[in-house]
Amino acid sequence: MPRLRLFFALVLSLVQIQSYRLPDLYVPTFYELDLNLPPEAFTNTSDTFQGRVSIQFLVTNATSFVALHAHHDFVQVQRVVFNDTEVLTGNYSVDNTTDILNVSLPVEIDSSVSYSLVIEYTGRLSTRDMYGLYKSYYLDANGTVRYLVTTQFEATYARRAFPCFDEPALKAVFGLSVTVPNELNVLFNTKQTSNVTNETTGLTSIVFNTTPLMPTYLLALVVSDFTCTSGASIGNTTYQVCSRNESAATRQLALDLGPQLLAALNNFTGYDYGVAMEKMDQVAIPDFAAGAMENWGLVTYRETAILWDINESSNRYRQRVATVIAHEFAHQWFGDLVTPKWWSEIFLNEGFATYFEFFTTHEVLPSWQLDKQFVIEELHAALLDDSLENAHALQSSCSTPAEISSKFSTISYSKGGSVLRMVEHVMQLQNFRTGLQNYLTTYQFSNTEPENLWDILNQNVVNSVSRLPANLTTVMENWTKSSGYPVLDVDWNGNQVTISQKRFLISGEVRSGDWYVPISYTVSSDLNKFHNTTPNAWLVPSSNLTITLPSNTEWIILNNHQTGFYRVNYGNNLWNRIRNALTGTNFDGITEINRAHIVDDLFNLARAGQVFYPAVLDTVSYLVNETSYFPWYSALSGFSFLLKRVGEESLLGQTISSNILRLMSALYDSVPISTLRDDDVIYTHTQTLALAWACKLGKADCVWDVKDLFSQYQSSGIKPNKNLRSVVYCNALRYSNNNRTDWEFLWNSYLNSTGLATEQITVLSALGCTRDVILLREYLNKTITDGSGIRPQDALSVFVSVYSGSPEGVDVAFEFLMGNYITIATKYAGFNSLGKLITGLAQTFTTQDQIARLRNFIMSNNLPEDFQVAAGQALEIAETNARWLQTYQNDLWNYYNLPASGSDRVNLSLLLLLGTAILVLSFYK
Ligand SMILES: *[C@@H]1O[C@H](CO)[C@@H](O)[C@H](O)[C@H]1NC(C)=O
Ligand SMILES: *[C@@H]1O[C@H](CO)[C@@H](O)[C@H](O)[C@H]1NC(C)=O
Ligand SMILES: *[C@@H]1O[C@H](CO)[C@@H](O)[C@H](O)[C@H]1NC(C)=O
Ligand SMILES: *[C@@H]1O[C@H](CO)[C@@H](O)[C@H](O)[C@H]1NC(C)=O
Ligand SMILES: *[C@@H]1O[C@H](CO)[C@@H](O)[C@H](O)[C@H]1NC(C)=O
Ligand SMILES: *[C@@H]1O[C@H](CO)[C@@H](O)[C@H](O)[C@H]1NC(C)=O
Ligand SMILES: *[C@@H]1O[C@H](CO)[C@@H](O)[C@H](O)[C@H]1NC(C)=O
Ligand SMILES: [Zn+2]
């Protein structure tokens with residue numbers, strides 16, 4: 001839709017004429033913040049508080065005005081005092097688009113001395129979304145509503161709580177004093193200095209130690225009636241986990257793992273956390289927009305990301321708690337101690353946090369194989385997102401709050417982490433680590449750009465090992481400044497292979513590529529297969545690479561353990577040889593991660609038209625002997641796309657489904673539902689994956705088993721095993737004979753399980769599996785009905801569970817969205833949830849009718865601007881998918897020997913790997 005897109009571009013560029021950036025003139029050094037949260041703020045009667053901030057700052061040039069941030073809707077300035085004496089009346093104004101507070105000064109000031117500005121204001125707590133200083137609540141054991149006040153300042157929300165220079169490079173020292181009702185638990189980044197309780201007024205005033213030099217977005221405050229449990233100290237760092245008292249027993253996992261993870265990071269970075277910060281508090285917040293937030297010394301989490309019940313919560317959540325803690329702890333160095341200069345460089349935060357999320361946890365808990373899980377969960381997801389034409393580069397400019405938000409993407413997190421992992425393997429771990437240690441000490445309490453990182457790492461490259469074709473800064477330039485990544489074509493000729501590159505686009509369009517690509521490889525005769533991940537050679541821009549092979553070579557496979565961020569296309573001859581190897585004894589030594597790499601590449605190369613589908617399906621039929629989790633995870637993602645496109649209930653869909661079930665049979669038998677191994681994380685991941693797919697595709701004994709477990713739960717009250725619950729709940733509803741009775745049974749169990757968030761979200765994600773459209777409509781209506789029991793933070797999960805649960809759900813969800821988009825925009829929490837809804841939903845469309853209705857909807861409604869952009873993208877996705885079907889359907893028909901027929905109306909869809917859908921939703925950390 002080129003016309004529509006042109007229009008959007010115009011609108012956006014007009015808006016951007018205003019500057020959202022502060023002039024490069026002010027250097028704040030110290031903030032003294034005073035907050036007064038009255039007792040009414042902890043009820044539903046008032047959202048108001050009083051604030052006063054005193055800011056000391058320098059200027060770099062003479063000026064007669066000060067520009068800082070304050071959000072007009074949350075901060076009402078009452079009084080501004082310059083330099084402690086001059087009251088400025090009417091000499092300030094807030095721009096309600098850019099959030100910039102302009103203060104005119106009575107005199108021109110210059111760069112020789114420090115000035116101060118005191119701003120007194122009335123603040124408003126947010127109750128609608130979970131940004132700024134906001135109110136959350138929970139029901140205590142007696143069913144009484146308890147309110148708490150907490151913060152989420154990243155990226156641009158500190159300005160909602162107090163006037164400040166709200167940019168990451170403007171680091172300062174912060175002091176805080178707060179006055180709150182007596183008896184509340186008040187946590188800030190640092191420890192208390194003192195507190196004074198007045199029994200007459202019922203108010204306590206607390207003063208905190210000043211913070212280290214830090215940016216505004218990392219400040220945090222939690223005022224609640226929570227209790228805390230202390231864990232082991234790490235050196236001189238005290239450690240505690242806090243949550244509503246009823247959930248105290250579920251803090252244990254975080255109490256055990258947190259200190260180990262922090263100690264592992266202390267060790268890896270060589271920089272003791274205790275040097276900069278005196279404590280580490282972890283707090284579970286009942287309503288939370290992101291997954292967790294790395295506030296320095298006071299990390300906040302969704303309850304599902306920190307509280308875990310050994311009897312009731314699955315291993316998926318055990319892994320989530322461990323990895324989210326590691327992610328947030330890694331930020332204490334990468335983000336808190338050393339901060340990107342601007343949000344355009346946010347991958348320096350999120351890429352490192354994603355990298356350590358997996359690899360630090362792997363160090364502490366090696367049996368979970370997170371080094372391998374990284375490849376299928378992060379790297380493959382990044383390769384998919386980064387194959388879209390409009391993917392943003394790791395470094396790309398942004399200035400409005402909406403643009404900044406959109407940088408918190410799979411690219412920044414997963415591609416960021418994958419590219420850093422590639423650098424680690426190019427340099428080798430020890431050199432990488434030494435380089436990072438230098439980086440942290442060089443830039444502590446300061447800000448960086450990627451060049452600063454590459455320069456320091458470059459000093460630690462041992463070139464005899466890495467064989468760098470240029471310095472690291474040059475090598476990394478295209479990986480970070482351009483979007484996309486290469487696909488390597490490997491051309492076999494005699495005893496040589498020639499390797500060339502182009503950009504990989506999922507649309508199939510061909511673009512040139514000029515990356516510096518590290519090449520590691522294994523040939524069939526190598527004894528030490530796939531072990532060495534440092535590059536054997538480099539492919540450099542504008543030239544090919546030729547490798548001479550030993551004479552007895554059967555095959556060559558590039559990219560050992562997929563440490564490089566690219567795909568490989570081998571050409572027919574070599575693909576055939578690889579297929580033979582995969583069917584050989586022990587897969588001819590091809591490791592499970594390289595098997596997952598091959599499977600993921602094949603499905604995506606076919607989707608982009610670079611490999612013929614029949615060849616892909618022939619090759620992946622080796623899976624009949626495959627029982628490893630990793631290649632199966634990739635294979636089922638690939639098959640999922642096919643089923644979504646052709647519709648699971650079409651003849652073709654049914655044929656593909658029975659093909660999958662046939663290939664899965666060894667996998668399924670390797671993880672029987674009756675054999676539980678709760679202590680083996682990879683086993684339970686495999687079991688959940690196999691059961692979810694087998695049941696979804698209608699395997700009779702799977703369906704029978706889960707229905708049996710569900711009726712046992714109904715009759716005895718004994719819940720299924722914690723790791724089986726998502727599969728049992730979902731499929732019991734999907735194949736129910738008593739839709740309403742079973743659905744309401746589970747809905748009531750949701751209402752009654754307020755004590756445990758992991759159980760609640762497991763049930764919510766399963767309730768969309770029913771195929772009863774009336775129930776599905778009622779369910780979606782609950783997300784926009786006050787008091788229904790569904791929290792705004794969970795509304796999106798409900799919507800996803802409906803459209804991904806069944807073909808019927810797609811139409812119900814679409815109808816609901818069209819009918820209620822204005823209400824949804826205000827009720828669904830989180831940034832641009834409408835946009836996420838419609839692009840997610842559109843991926844499941846399969847009929848021209850759905851596409852036509854979407855087009856109509858966009859044309860005939862006056863949609864909000866953000867939503868219009870997303871809706872345009874959604875339409876593009878749906879149209880691309882429809883084209884895919886036209887292009888490839890015949891290949892599939894032929895492959896499966898089906899009678900070619902235009903009348904098999906493709907109208908249904910299948911969705912995401914169960915179990916992982918909910919995790920995908922809240923990955924921003
Ligand atoms: C500071 O003042 C100097 C001299 O007037 C001028 O050249 C420079 O551009 C100014 N810098 C800023 C950031 O305004
Ligand atoms: C503001 O205060 C600083 C020191 O506190 C002083 O040096 C400076 O002259 C004052 N500036 C004005 C314009 O009053
Ligand atoms: C923003 O400011 C403009 C001009 O001062 C005003 O007309 C408009 O109503 C304001 N919008 C809001 C949401 O306050
Ligand atoms: C619940 O109510 C009982 C009786 O009024 C009281 O003793 C108990 O402290 C209450 N529990 C909570 C968590 O408020
Ligand atoms: C006040 O300080 C005392 C002594 O340090 C401490 O026990 C108490 O918990 C503090 N009160 C609050 C409300 O933080
Ligand atoms: C408590 O507050 C009251 C009312 O503001 C005041 O009169 C009294 O002096 C305070 N008491 C203490 C111990 O500060
Ligand atoms: C904690 O230990 C670090 C070094 O291990 C030290 O630099 C820091 O000063 C200590 N902090 C406190 C509060 O003792
Ligand atoms: Zn993060």
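Just so you know, ligand 1 is whichever comes first in the structure, and atom 1 is the first atom listed for that ligand.
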Next on the checklist: Give me the atom names and distance for the closest heavy-atom approach of T360 to L265.
Outcome noted: OG1-CD2, 3.5 Å
Checklist outcome for this item: Taking every heavy atom of A264 against every heavy atom of V364, the minimum-distance pair comes out as CB-CG2, 4.0 Å
Item to check | D272 neighbourhood, listing ligand 7 atoms whose heavy-atom distance to it stays under 4.0 Å | outcome: 5 (O)
Checklist entry - Is any heavy atom of the protein nearer than 4.0 Å to atom 7 (O) of ligand 6? => result no
Item to check | Y157 and Y131 aromatic ring geometry - parallel, tilted or perpendicular at 30°/60° bounds | outcome: parallel
Checklist entry - Of all N/O/S atoms in E350, which lies nearest to the Zn ion (ligand 8)? => result OE1
Checklist outcome for this item: of all protein heavy atoms, closest to atom 4 (C) of ligand 7 is V275 CG2, 4.0 Å
Checklist entry - Got an N/O contact under 3.5 Å between N236 and ligand 7? => result yes
Next on the checklist: Give me the nearest non-hydrogen protein atom to atom 14 (O) of ligand 6 as residue plus atom name, then the distance to 0.1 Å.
Outcome noted: N198 ND2, 3.6 Å
Checklist entry - In terms of ring plane angle, is the pair F49 and Y121 parallel, tilted or perpendicular, where the classes change at 30° and 60°? => result perpendicular
Next on the checklist: Angle between ring planes, F432 versus Y355, binned at 30° and 60°: parallel, tilted or perpendicular?
Outcome noted: perpendicular
Checklist entry - Picking from F352, Y443, Y271, what satisfies ring-ring contact (aromatic ring centres under 6.0 Å, His included) with F334? => result F352
Item to check | atom 5 (O) of ligand 6 [closest protein heavy-atom partner, distance rounded to 0.1 Å] | outcome: T201 CG2, 3.7 Å
